[in-house]
Structure formats: C-alpha cells, structure tokens
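Report on the following structure.
In what follows, every chain begins at residue 1, and chains take the letters A, B, ... in the order their sequences are listed. Keep in mind it's a predicted model, so treat the numbers as computed, not measured.
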There are 2 protein chains.
Amino acid sequence: MSSPTPARRRPTHRKGRATLTRESVGRAALEFLGRSGPAELTMRSLAADLGVSPRALYNYVEDRRDLITVAAEIFESGWRPPELDPARWRDALRAFCRDLRAHHRRHPGMTALALSENITMARHPVMLRNVDALIGFFAAVGLPLQDAYRACMETIRLVVGFVELQDTVHDRPPAHLNPGDLERMPPPWLSADADADADLPYLSRIGELEPDAPDTLFEFSLDVLVEGIAARAGRDGSS
Amino acid sequence: MSSPTPARRRPTHRKGRATLTRESVGRAALEFLGRSGPAELTMRSLAADLGVSPRALYNYVEDRRDLITVAAEIFESGWRPPELDPARWRDALRAFCRDLRAHHRRHPGMTALALSENITMARHPVMLRNVDALIGFFAAVGLPLQDAYRACMETIRLVVGFVELQDTVHDRPPAHLNPGDLERMPPPWLSADADADADLPYLSRIGELEPDAPDTLFEFSLDVLVEGIAARAGRDGSS
DNA sequence: ACCTGAACACCGTTCAAGT
DNA sequence: ACCTGAACACCGTTCAAGT
C-alpha cells in the first residue's frame with residue numbers, strides 16, 4: 001500500500017543540498033555532539049556544518065533550546081534496551097545498565113546540555129516505554145509498585161550520573177592534566193607535599209595500587225545497585 | 001603572638017570598597033551561584049556585582065575557567081562532614097550523604113559549571129581529608145581497601161548525581177512547565193493521548209499515586225546504597 | 001599597582017531584503 | 001517558501017591609557 005508520488009510535495013533538494021527539516025537539523029546537532037563537545041555546538045557552527053547561514057536554522061527550530069530539545073528527543077528514541085528477563089534479573093539489570101551507559105557515551109554532553117538548558121528528558125514515547133518496561137521488571141522481581149518506580153529512577157540516575165561524572169572527564173580529559181593523573185589517588189600535585197600525604201593514610205596506600213579502570217568502577221556500582229535492590233526485594237532471584 | 005601592623009602592607013581598601021583578592025573574587029562567584037544559576041554567572045555580571053569593571057577581575061584570575069576553579073576550591077573547603085562512626089555505620093553513612101547533598105544544594109550549578117569547564121574537583125586538601133576519612137570508614141566497616149575506595153567514590157557520585165539530576169530541576173523548575181508537572185508520571189502531555197497510556201501500564205498506575213517528594217527518592221537511594229554496601233561487606237553492623 | 005574605556009572576536013537572535 | 005547579509009545585544013578577553 002505504498003502511495004505513489006503525490007501531486008505536490010515539499011521539494012527535497014535545494015541548491016544541491018537536501019532541504020532541512022526539524023528532524024534533520026536535530027539529527028545533525030546530535031551527530032555534532034558525537035564528534036565535538038557540547039561547548040562547540042553553537043547555532044553558527046552547526047549552520048556552517050550544514051552549509052547554510054545561521055538564520056536558516058530558525059526556520060525549523062525556535063531557538064537554541066528548541067534545537068537541543070529536538071536532539072534530545074532523537075537521542076532518546078535511538079536506544080532500544082536489551083531484554084529484561086526477571087528470571088535472571090541480576091544479569092539482565094547489569095546488561096541493561098551497560099547498554100544504557102554505552103548509549104550515553106556515544107553522545108557526550110547530551111545530558112549536560114539538556115540539564116544546562118533545563119530540558120525535561122524522558123518525554124519521548126520510546127523512552128517512556130523503556131521506563132515502563134523497567135518498572136515492570138522490578139515489579140516482577142518482587143518490589144511493590146512504588147519501590148519499582150523508585151528503583152527504576154535510581155537505576156537510570158546511577159548510569160547517567162556515572163557517565164556525566166566519571167566517563168566524560170575520562171573520555172575527554174582536560175588539556176592541562178597529564179594523561180593518567182586522573183585516576184591516580186592521591187592526586188600527584190598533592191603528593192609533592194609530604195605533610196599532606198601524612199594526613200591521608202588511606203589515599204596514600206591506594207596510590208600504591210593499580211588505579212581502577214572506569215569499567216571496574218562501573219561494575220562495582222552495579223554490584224552495589226543489584227545487591228541493594230535484592231535486599232529491598234527480600235529475595236535473591238535465580239542467577 | 002599576633003604580629004603588629006607591618007611596615008608596609010597591601011592596601012585593604014580602594015575607593016571605599018575592599019580591594020579584591022583572588023579569594024574574594026572566587027568567594028563572590030560562589031555566592032553569586034547561591035543566588036542565581038550558572039548561566040547568569042558571567043565575568044561581566046560578577047564585575048557589576050562587585051562594582052568594578054570586567055577588566056579588574058583579570059588582575060586576580062586568569063580567565064573564567066580559573067575563576068570557577070577558585071570558586072570550586074572554596075566550595076570544597078567549605079564543608080565539614082558529620083562524624084563517621086563505624087559502630088553505627090548505616091546511620092552515619094546516611095547522615096554523611098544528607099549533609100553532602102545539602103551542601104551541594106546551597107550552591108546550585110557549581111558541579112555543572114566545574115564539569116562544563118573540565119575542572120577536576122576533590123583537589124582541595126580539606127576535601128581530600130574528607131575523602132580519606134570516608135575510605136577509612138568503609139575499611140572499618142569491613143571492606144577491603146580497594147573496595148573501600150570504590151564505595152567512597154560511589155557514595156559521592158550518588159549524592160552529587162542526585163543533586164544534579166534530581167534536585168536542580170526541582171529547585172529551579174523550567175519556566176515552561178506547570179509546577180507539579182515534574183513529578184507526575186506519566187507526564188501529562190502524554191496522558192492526553194489515550195493510546196500511549198495504554199502502552200504504559202505501570203506508569204499509568206503510578207500516575208494515580210501520590211508523587212514522591214525528592215527527599216523520599218533520596219532516602220530510597222540511600223537504602224539501596226547502604227544495603228548494597230552491607231552485602232559487599234558481608235556483615236550488617238550494629239545499627 | 002590597580003583601575004577604566006574602547007576594542008576585538010565570538011555568540012544567539014532578528015530585520016529587511018533577495019530568489 | 002526559504003534563503004542571505006547586515007545588524008543588535010550580549011559574552012570573554014585584550015590593549016592602551018589613566019590615577
């Protein structure tokens with residue numbers, strides 16, 4: 001039942017370029033975020049990227065905030081979570097979190113941008129279905145409905161918070177730091193001061209160990225989350 | 001042993017105003033954040049706030065990034081955590097987290113600003129001592145040193161992430177949303193569509209319940225954290 | 001030594017035309 | 001209908017003077 005070419009339609013090209021749409025502009029913004037950081041995404045740089053004048057973008061989005069809103073919607077609609085099998089709920093939850101983390105890392109700064117512009121996330125129908133599925137999963141694991149909702153929010157917050165607070169500084173380390181200085185504890189600029197070191201017995205000992213990779217830290221976070229929820233559910237599942 | 005007025009010293013006032021210092025400028029920036037949001041903190045607005053020209057600030061900080069670094073250091077040095085008694089470790093950890101959350105909420109956007117400017121936090125000696133104490137606390141609870149460090153990072157990340165992802169949107173709701181729409185689940189703009197509602201059985205049922213206050217969500221997060229760590233420690237403490 | 005005022009290169013956004 | 005170019009009000013930052 002595919003319809004043939006309608007009588008009149010919007011021109012699809014102009015000056016050799018595909019015409020812009022609200023969606024294509026938002027998609028371009030999201031791709032831009034995949035390459036550069038959030039600070040580099042400006043109306044002017046995105047316009048240059050698309051080969052148009054800055055003014056042209058305003059024919060499809062109201063303003064910069066609206067542009068980021070569209071990008072956020074496309075970002076949310078672009079993730080399909082792995083299946084959540086309550087029968088092996090620990091592994092299922094871990095896989096869900098790992099996948100969500102990877103999705104966020106693909107578009108660094110998307111969440112930071114949405115936060116700075118006060119954009120409400122989780123508004124896209126696709127993401128709401130994901131949220132609903134996660135709540136249902138926790139309910140099936142044995143949590144009362146209210147707790148299942150809270151566990152869902154906690155799970156998403158843990159993953160997003162990890163990406164924003166841990167991964168982003170790791171994936172794009174500040175230029176003024178030597179690579180590797182980030183995970184060193186205590187920080188090297190402090191260890192130069194022997195007095196300070198003496199006051200930090202635990203950090204000093206940790207400084208002698210191999211620093212944790214972000215993945216190791218993330219798995220520890222998942223351990224805490226999974227066992228914390230298991231305690232709340234009052235049972236331990238089958239895996 | 002207080003020294004008398006030295007022969008020459010830096011003038012303390014100029015044109016009726018206290019002279020600026022690197023610290024006073026940073027402190028002013030931090031206070032500014034307590035009143036307004038991070039987007040409002042500009043070199044020009046802060047200069048106007050201090051009654052000087054924008055250029056004057058550059059005599060004390062190198063640039064905007066440096067200004068925020070100073071503000072972050074003052075922010076970190078301005079918190080003294082409650083005592084961490086391993087004998088009643090669950091309550092102690094909860095009190096620690098509640099206090100840290102309150103500290104962050106007092107300066108909304110400080111963390112977001114540090115993240116956007118790629119500023120490494122936890123560099124101030126005072127904060128490093130707090131971190132060291134928290135690691136020692138977890139070690140005393142029964143975690144191996146490596147895990148104690150990870151639990152420390154997880155704890156701080158949980159609190160900071162909660163403030164950034166939950167409290168900030170709550171404390172400064174976006175202007176275009178009706179108050180109360182934020183905690184309503186499913187979102188009202190979706191409930192208008194009956195089809196969508198039918199696809200979201202759990203969110204629909206949650207929408208009929210009283211929405212959680214942020215404090216309730218935070219306590220749930222603490223439940224998960226505490227029990228997750230208890231499982232890792234393999235014992236349950238004394239309280 | 002520390003400040004001001006003007007200036008430069010950016011940014012988001014709008015206006016008045018062009019085709 | 002959709003675009004460009006010039007313009008405005010902002011921003012961070014710097015330069016050349018002032019006192």
Do [X] and [Y] make a side-chain contact, defined as non-hydrogen atoms from C-beta onward lying under 4.5 Å apart?
X: B:R64; Y: B:I68; value: yes
X: A:Y60; Y: A:S24; value: no
X: A:R172; Y: A:T168; value: no
X: A:V224; Y: B:R150; value: no

Near DNA chain C, counting only heavy atoms under 4.0 Å, which residues of residues 31-42 of chain B show up?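 Contacting residues: none.
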Atom pair distance, as rounded to whole Å: [atom1] in [X] and [atom2] in [N]:
X: A:M43; N: D:dC8; atom1: CE; atom2: P; answer: 21 Å
X: A:L57; N: C:dT14; atom1: CG; atom2: P; answer: 13 Å
X: A:D66; N: C:dG12; atom1: CG; atom2: C1'; answer: 14 Å
X: B:L46; N: D:dG12; atom1: CG; atom2: P; answer: 10 Å
X: A:L20; N: D:dC2; atom1: CG; atom2: C1'; answer: 10 Å
X: B:E117; N: D:dG12; atom1: CD; atom2: C1'; answer: 11 Å
X: A:R65; N: C:dC11; atom1: CZ; atom2: C1'; answer: 19 Å

Tell me which nucleotide among D:dC3, C:dT14, C:dA7 gets nearest to the side chain of B:R44.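 Given the options D:dC3, C:dT14, C:dA7, the side chain of B:R44 is closest to C:dA7.
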Nearest-nucleotide pick for A:Y58, side chain only, options being C:dT14, C:dC3, D:dG12: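 The closest nucleotide is C:dT14.
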For atom CD of A:E62, decide whether the heavy atoms of other residues, nucleotides or ligands shown that lie under 6.0 angstrom number more than 12.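 No - once you tally the heavy atoms of other residues, nucleotides and ligands closer than 6.0 Å, there are 12 at most.
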C:dC3 phosphate, OP1 or OP2, under 4.0 Å from B:Y60 side-chain N/O: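 Looking at the OP1 and OP2 atoms of C:dC3, one of them is under 4.0 Å from a side-chain N or O of B:Y60.
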Under 4.0 angstrom between A:N59 side-chain N/O and D:dC3 OP1 or OP2: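 Affirmative; the distance criterion is met.
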Would you mind classifying the nucleic acid contact of B:R64 as base, sugar-phosphate or nothing, using non-hydrogen atoms under 4.0 angstrom?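 The residue B:R64 makes sugar-phosphate contact but no base contact.
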Could you walk me through whether B:F75 and B:H103 pass the ring pair (Phe, Tyr, Trp, His ring centres under 6.0 Å) check? CA-CA 9 Å; B:F75 170 75; B:H103 180 59; 4.3 Å; yes
Secondary-structure stems for DNA chain C, with pairs counted as Watson-Crick or G-U when both distances are under 3.5 Å and runs at least 3 long: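 DNA chain C stems, ordered by first number: C:4-8 with D:12-16, C:12-16 with D:4-8.
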N/O donor-acceptor pair under 3.5 Å between B:E31 side chain and B:A28 backbone: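 Checked: no pair found.
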State whether the distance check finds a donor on one side and an acceptor on the other, under 3.5 Å, for side chain A:R55 versus base D:dG5.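 Donor-acceptor pair under 3.5 Å: no.
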Let me know which of A:H170, A:M110, A:R105, A:H107 forms a side-chain contact (heavy atoms from CB on, under 4.5 Å) with A:V163.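 Of the listed residues A:H170, A:M110, A:R105, A:H107, the side-chain contact (heavy atoms from CB on, under 4.5 Å) partner of A:V163 is A:R105.
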Side-chain donor-acceptor contacts of residues 154-162 of chain A below 3.5 Å, not counting sequence neighbours, with atom names and distances?
residue: A:E154; atom: OE1; partner: A:R157; partner atom: NH1; Å: 2.9
residue: A:E154; atom: OE1; partner: B:S221; partner atom: OG; Å: 2.4
residue: A:T155; atom: OG1; partner: A:A151; partner atom: O; Å: 2.7
residue: A:R157; atom: NE; partner: B:Q166; partner atom: OE1; Å: 3.2
residue: A:R157; atom: NH1; partner: B:S221; partner atom: OG; Å: 3.1
residue: A:R157; atom: NH2; partner: B:Q166; partner atom: OE1; Å: 3.2

